[in-house]
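Structure record follows, encoded as structure tokens.
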2 protein chains.
Amino acid sequence: MSQKISLLGYALMGLLHSRPSSGYELRKVFAQTPLISFSDSPGAIYPALARLEEQGLVRGQIEETTGLRRKKTYRLKAAGMRELKKWLEKPITRDDVIWGMEELSLRFAFSDSVIGEGNSIKLLKALEGQLKAYVPTLHDYLKSQGNNLPNSGRLSLEMGIRVYEAQLQWARDALTTYPSRIKVDKK
Amino acid sequence: MSQKISLLGYALMGLLHSRPSSGYELRKVFAQTPLISFSDSPGAIYPALARLEEQGLVRGQIEETTGLRRKKTYRLKAAGMRELKKWLEKPITRDDVIWGMEELSLRFAFSDSVIGEGNSIKLLKALEGQLKAYVPTLHDYLKSQGNNLPNSGRLSLEMGIRVYEAQLQWARDALTTYPSRIKVDKK
DNA sequence: GGTGGCATGTAACCGGTTACATGATTAT
DNA sequence: ATAATCATGTAACCGGTTACATGCCACC
């Protein structure tokens, strides 16, 4: 039924949502953007775009307007928009926090412009909740297992904890930057 | 020449270095360890162990001692130890910091017991240096591009920066926990 | 005329994911 | 008995990596 889309596929759709682009332009975005590691290799992007097109999620149009070199501009189709929204609005689970913070960070990055500020806040709150629940279990693990680990092993674990704590603190700070509309749109 | 080994392969060798184990035991480690996301699926671990064995890096011995159910215990061979050390001692590049912090964290976790405290410290210092150089470029990027991004996009970028800053701070703190032997073993 | 950026693709390879398969042992 | 855990594997699928291939255009 609902087709499988790779993380790269969602990233491409998210970018196409903000502006129609060619594969080359999308590659440049990946090459220049420092965070969220997507490869800018043609062997990843062009096949991914072709897959999205086959699935009817994006449309590629060759522009031959002014005798320029050929260039294929992709646009997000309605079905693509639906899939993008579905992905962004998926509930956040504990597993997402453990195995997929990178994906969550990408989802949040797109959320404002695709599903709106109110839903961004929802996403943030859910993320904060999951992190708040998860961080203590890491501390427990460290307390119970820390002595069995070699020095650098324990330190490495501590680094992981610090990273999660930083993300939690970030989520809290981020929430304060959203104007708290008196009575946020109920329901 | 020097065979290609996946990150999972190195992780397995690192664990086998500390104690010979069966595939099942290694799976349990992955299932229970909260950080560094390796799958505990048999479809990943057993083929990976088989590859390492083909490459002469580990040796698997079936234990049939007391009529128990069969169990294959793997041990790290000398060649495996060499590859493991080579991996741990590889110089750290800027690209490692951008695309492979997870791998660096794993390398550091194994470093104490495989290559010794002195080399752990070297690794840490190199990591600190790379992070110290990289973090400012992220701030520059945020300053120059932040205004072009939607709110949540900019916030997402800030999260990435916070994570790198947390890792940098961690590296500094970690270095202070190593006893500074007066005149660290020279050369 | 050569370098470098624009622009799109293909194909072999590799390894992780998912799902299936098997069977012994241990606890309820 | 039967469910859970121990224990090892196989095979199809998928998609990212790497490397190769092509050709235009601009600039010096």
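Note that this is a predicted model, so its numbers are computed, not measured.
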TODO: Consider only side-chain N and O atoms of B:Arg162 and A:Gln167, and report whether a donor and an acceptor are under 3.5 Å apart.
DONE: no
Task: Comparing B:Lys28 and B:Pro47 on DNA chain D - which has the more 5′ nearest nucleotide - done: B:Lys28
Open item on the list: Could you tell me how far apart A:Phe30 (CZ) and D:dT17 (C1') are, to the nearest whole angstrom?
Closed with: 15 Å
TODO: Pick base, sugar-phosphate or nothing for A:Ser6, based on heavy-atom distances below 4.0 Å to the nucleic acid.
DONE: sugar-phosphate
- [ ] Could you please name the option among D:dA19, D:dG9, D:dT17 that lies closest to any side-chain atom of A:Ala44?
- [x] D:dT17
Open item on the list: According to side-chain hydrogen bond (donor to acceptor under 3.5 Å, both in side chains), does anything in residues 96-106 of chain B pair up with another residue at least two apart or in another chain? List the pairs.
Closed with: A:Ser156-B:Ser105, B:Ser37-B:Glu102, B:Trp87-B:Glu103, B:Thr93-B:Asp96
Open item on the list: Rounding to an integer number of Å, can you tell me how far A:Leu49 CG sits from C:dA7 P?
Closed with: 15 Å
- [ ] Verify whether the ring centers belonging to B:Tyr164 and B:Trp170 lie closer than 6.0 Å.
- [x] no
Open item on the list: Can you see if the side chain of A:Ser39 gets near the phosphate of D:dG16 - specifically, an N or O under 4.0 Å from OP1 or OP2?
Closed with: no
Task: Length of the OH-C1' vector between B:Tyr24 and C:dT25, whole Å - done: 12 Å
TODO: Estimate the overall bend of the helix from C:dG1-D:dC28 to C:dT28-D:dA1 from the end axes over five pairs each, rounded to 10 degrees.
DONE: 20°
Task: Length of the line joining B:Arg27:CZ and D:dG9:C1', which is rounded to integer Å - done: 10 Å
Open item on the list: Looking at C:dT8, I'd like to know if its phosphate oxygens (OP1 or OP2) sit under 4.0 Å from a side-chain N or O belonging to A:Tyr46.
Closed with: yes
Task: Distance, rounded to the nearest Å, where B:Trp99 contributes CH2 and D:dT17 contributes C1' - done: 13 Å
- [ ] Take atom NZ of B:Lys72 and atom P of C:dT22, then tell me their distance rounded to the nearest Å.
- [x] 20 Å
Task: Protein-nucleotide distance (A:Ile45, atom CD1; C:dT10, atom P), rounded to Å - done: 15 Å
Open item on the list: So, OP1 or OP2 of C:dG16: does either fall under 4.0 Å of a side-chain N or O from B:Arg51?
Closed with: yes
Task: Pair B:Tyr24, B:Asp40: side-chain N/O donor-acceptor within cut-off below 3.5 Å - done: no
TODO: Check whether any side-chain heavy atom of A:Leu175 sits under 4.5 Å from a side-chain heavy atom of A:Arg172, and report yes or no.
DONE: no
Task: Sidechain N-carboxylate O distance under 4.0 Å for B:Glu25, B:Lys71 - done: yes
Open item on the list: Just the rounded figure in Å: distance from P of C:dC6 to CD of A:Glu63.
Closed with: 16 Å
Open item on the list: Regarding A:Gly23, tell me which of base, sugar-phosphate or nothing describes its non-hydrogen contacts under 4.0 Å with the strands shown.
Closed with: sugar-phosphate
Task: SB check B:Lys86 B:Glu83 (cutoff 4.0 Å) - done: yes
